[in-house]
Asker: 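Attaching a single structure in structure tokens format; questions to follow.
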Amino acid sequence: MSTSLEPDFGTEFGGDLDRRRLLLGAGGVLGFLLVWAVAARFNPPYVLPSPGAVAAVFLAELRSGAMAAALLASVTHWLPGTVVGTALGIALGVTMAYSDLADDLATPIVRVLRPVPPLALIGFAIAWIGLNHTGAAFIIAAGAFWINYYAAYGGVDGVPDEFLDVAKSLGVDTDLGLIRNVVLPAALPEIITGIRTGIGRCWMLIIAAELMGVPGVGRELYTASQNLSVDAVLAYILLMSLVYLVLDTGVGAVQNRVLAWQ
Amino acid sequence: MSGDDRVVVDGVSKRYGGEDAVQALDGVEFGVDDGEFVCVVGPSGCGKTTLFRIIGGLESATAGEVRLSGTPVTEPSPDLGIVFQEYHLFPWRRVRENVAFGLEQQDVGAEAREERVDAMLDLVGLGDAADSYPTALSGGMKQRVGIARALAVDPEILLMDEPFGSVDAQTRSMLHEELLSIWRETGKTVLFVTHDVDEAVTLADRIVVMGADPGHVREIVDVGLDRPRDRTDEAFAEQVAYVRGLISE
């Protein structure tokens with residue numbers, strides 16, 4: 001997406017354009033830091049700490065191992081929650097979009113459960129599972145579930161019937177064979193987009209999931225807010241953003257690879 | 001009907017819908033001999049595509065039945081290779097993998113499969129594009145892949161629904177020649193649905209001319225012209241005019 005006023009010269013000038021965007025982007029970041037630094041001069045540190053102060057806290061937390069510990073704790077529920085929620089969401093989405101029977105059976109339940117935000121499940125998580133990693137993973141799984149359910153449902157629903165006709169005429173005679181050979185590969189672009197969106201959304205959900213007292217990056221954020229250490233709050237927000245950036249770039253690279261045929 | 005009929009369409013009728021029912025086909029009846037090239041032509045709305053889907057086992061008839069080598073068709077089978085107008089290649093598979101699809105379902109060993117795929121790609125002249133994805137191909141090339149994919153599993157019959165309807169005229173006449181040479185080389189029985197009378201007269205041994213409302217067989221025309229056929233020939237023009245006359249009656 002180009003927001004510049006210059007015309008887009010297309011891929012022929014891609015190298016130059018990339019360098020230009022990189023420079024402008026760096027300029028934007030610098031400008032932002034400058035405005036922040038100036039604003040920080042006119043405010044006490046407990047309202048707005050300077051960029052330097054935040055960087056110092058970030059490094060201190062990194063060196064002390066507190067960041068690594070929080071990150072590891074978050075990943076301990078984020079990873080299983082995301083994996084389980086993603087797998088179940090895709091499974092239900094594919095099943096319902098493929099089978100009219102499953103669709104008719106489950107649609108009313110889906111309609112009722114869909115608007116429930118994962119946060120509202122905290123009560124259940126506490127009552128059923130407890131204040132631990134599994135409870136947090138449950139909430140995260142709920143978040144991943146719906147995103148992937150909708151992506152998979154839409155993807156499978158959009159698979160042209162003609163692909164199924166072709167496959168049948170070439171000897172695929174079971175539902176499982178059709179799903180494996182045609183439906184899943186044809187719906188893969190939507191399914192992968194769902195997985196990618198879910199991974200990012202679940203990473204943001206750790207804040208909510210850790211609200212109930214499970215350790216992790218989100219917990220550190222709360223503790224810091226309660227202590228009014230805005231510098232630590234910002235340092236942990238920065239950590240969350242960096243992790244998200246790495247995750248999303250990684251998944252994006254996998255996506256491009258798997259969908260090379262597009 | 002003679003004993004060596006490969007395809008028998010036996011009184012096939014098709015009715016759609018409940019209260020506002022539409023009769024798409026009414027008592028369609030004809031046979032296709034082993035190794036014969038038969039075209040089905042008719043105006044739009046005569047139920048050609050419905051008939052194609054019923055013969056292919058993709059839809060069921062309301063009455064009557066279709067038999068392949070004596071066996072009633074109830075579902076799609078690898079004995080009958082289908083080629084669609086819009087190709088419907090699997091975009092996530094390379095050309096080679098598209099052609100291999102049917103062989104994979106039959107658990108053909110990897111080596112035999114590769115050999116067969118190469119032979120099919122040679123047959124349709126696409127050896128160079130084997131590792132391309134379908135999006136990179138022109139319409140004519142896509143349909144060559146479609147034909148290679150259908151032929152790979154060695155079906156007895158090739159069933160084609162306006163296969164060259166989406167390519168330009170020049171490519172189409174090239175594909176006509178290629179299809180005829182594949183037909184001669186493989187000895188397959190070909191059943192080819194089209195609305196283009198010129199195309200039917202160029203290709204077919206016999207032409208099943210259909211009428212509409214509801215779809216029925218008007219006449220079965222023996223083309224009786226030697227191949228290769230010349231479109232500028234007078235006899236060719238007469239046949240075309242005759243079939244056109246039947247359709248617009």
Side-chain angles (χ1 to χ4, degrees), chain A residues 10-11 90 93-94 97-101 104 148 151-196 251-262, chain B residues 49 52-59 68 73-95 97-108 120 131-137 142 145-155 157-161:
Chain A
T11 48
I90 293 175
V94 171
Y98 183 80
S99 153
D100 288 340
L101 176 70
D104 293 344
N148 282 284
Y153 190 102
V156 171
D157 211 33
V159 175
D161 286 341
E162 289 82 0
F163 282 165
L164 301 178
D165 287 345
V166 171
K168 286 179 201 160
S169 82
L170 290 169
V172 183
D173 49 10
T174 63
D175 286 329
L176 216 59
L178 286 173
I179 290 175
R180 198 162 50 89
N181 287 299
V182 180
V183 172
L184 287 182
L188 199 61
E190 284 85 354
I191 291 176
I192 291 191
T193 303
I195 294 175
R196 185 175 179 180
V251 182
V254 172
Q255 186 175 24
N256 285 337
R257 236 195 133 111
V258 175
L259 301 179
W261 52 271
Q262 284 191 314
Chain B
T49 295
F52 160 85
R53 293 184 62 82
I54 292 172
I55 296 173
L58 301 170
E59 244 174 76
L68 301 186
V73 174
T74 52
E75 55 186 7
S77 104
D79 290 340
L80 196 141
I82 303 183
V83 178
F84 297 85
Q85 175 175 4
E86 298 301 337
Y87 330 121
H88 303 312
L89 302 181
F90 299 129
W92 61 91
R93 286 176 165 245
R94 293 172 198 275
V95 165
E97 295 160 347
N98 262 282
V99 177
F101 187 91
L103 300 168
E104 290 167 15
Q105 308 310 319
Q106 299 183 345
D107 296 324
V108 177
M120 287 303 107
D131 292 316
S132 304
Y133 282 105
T135 41
L137 306 181
K142 283 181 186 164
V145 180
I147 293 170
R149 180 173 64 178
L151 283 174
V153 292
D154 202 18
I157 304 142
L158 206 51
L159 178 63
M160 311 176 93
D161 183 23

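Every chain is numbered from 1, with letters handed out A, B, ... down the list of sequences.
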Asker: At a heavy-atom distance under 4.5 Å, which candidate from A:Ala260, A:Pro189, A:Ala167, A:Pro160 has the highest pair count against chain B?
Answerer: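 Of the options given, most contacts go to A:Ala167.
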Asker: Taking every heavy-atom pair that is under 4.5 Å apart, which of B:Pro78, B:Gly102, B:Ala150, B:Pro91 has the most such pairs with chain A?
Answerer: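 Greatest number of close heavy-atom pairs with chain A: B:Pro91.
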Asker: Of the backbone (N, CA, C, O) and the side chain (C-beta and beyond), which part of B:Leu58 lies under 4.5 Å from a heavy atom of chain A, both, or neither?
Answerer: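 Just its side chain gets close to chain A.
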Asker: For B:Leu89 and A:Phe163, work out which heavy atoms get closest and say how close.
Answerer: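 Looking at all heavy atoms of both residues, the closest pair is O-CE2, 3.4 Å.
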Asker: With a 4.5 angstrom heavy-atom cut-off, could you sort out which part of B:Leu159 is near chain A: side chain, backbone, both or neither?
Answerer: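 For B:Leu159, there is no contact with chain A at all, as no heavy atom is under 4.5 Å.
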Asker: Just by distance, which donor-acceptor pairs between chain A and chain B come in under 3.5 Å?
Answerer:
unit_1: A:Asp165; atom_1: OD2; unit_2: B:Arg53; atom_2: NH1; d: 3.1
unit_1: A:Asp165; atom_1: OD2; unit_2: B:Arg53; atom_2: NH2; d: 3.3

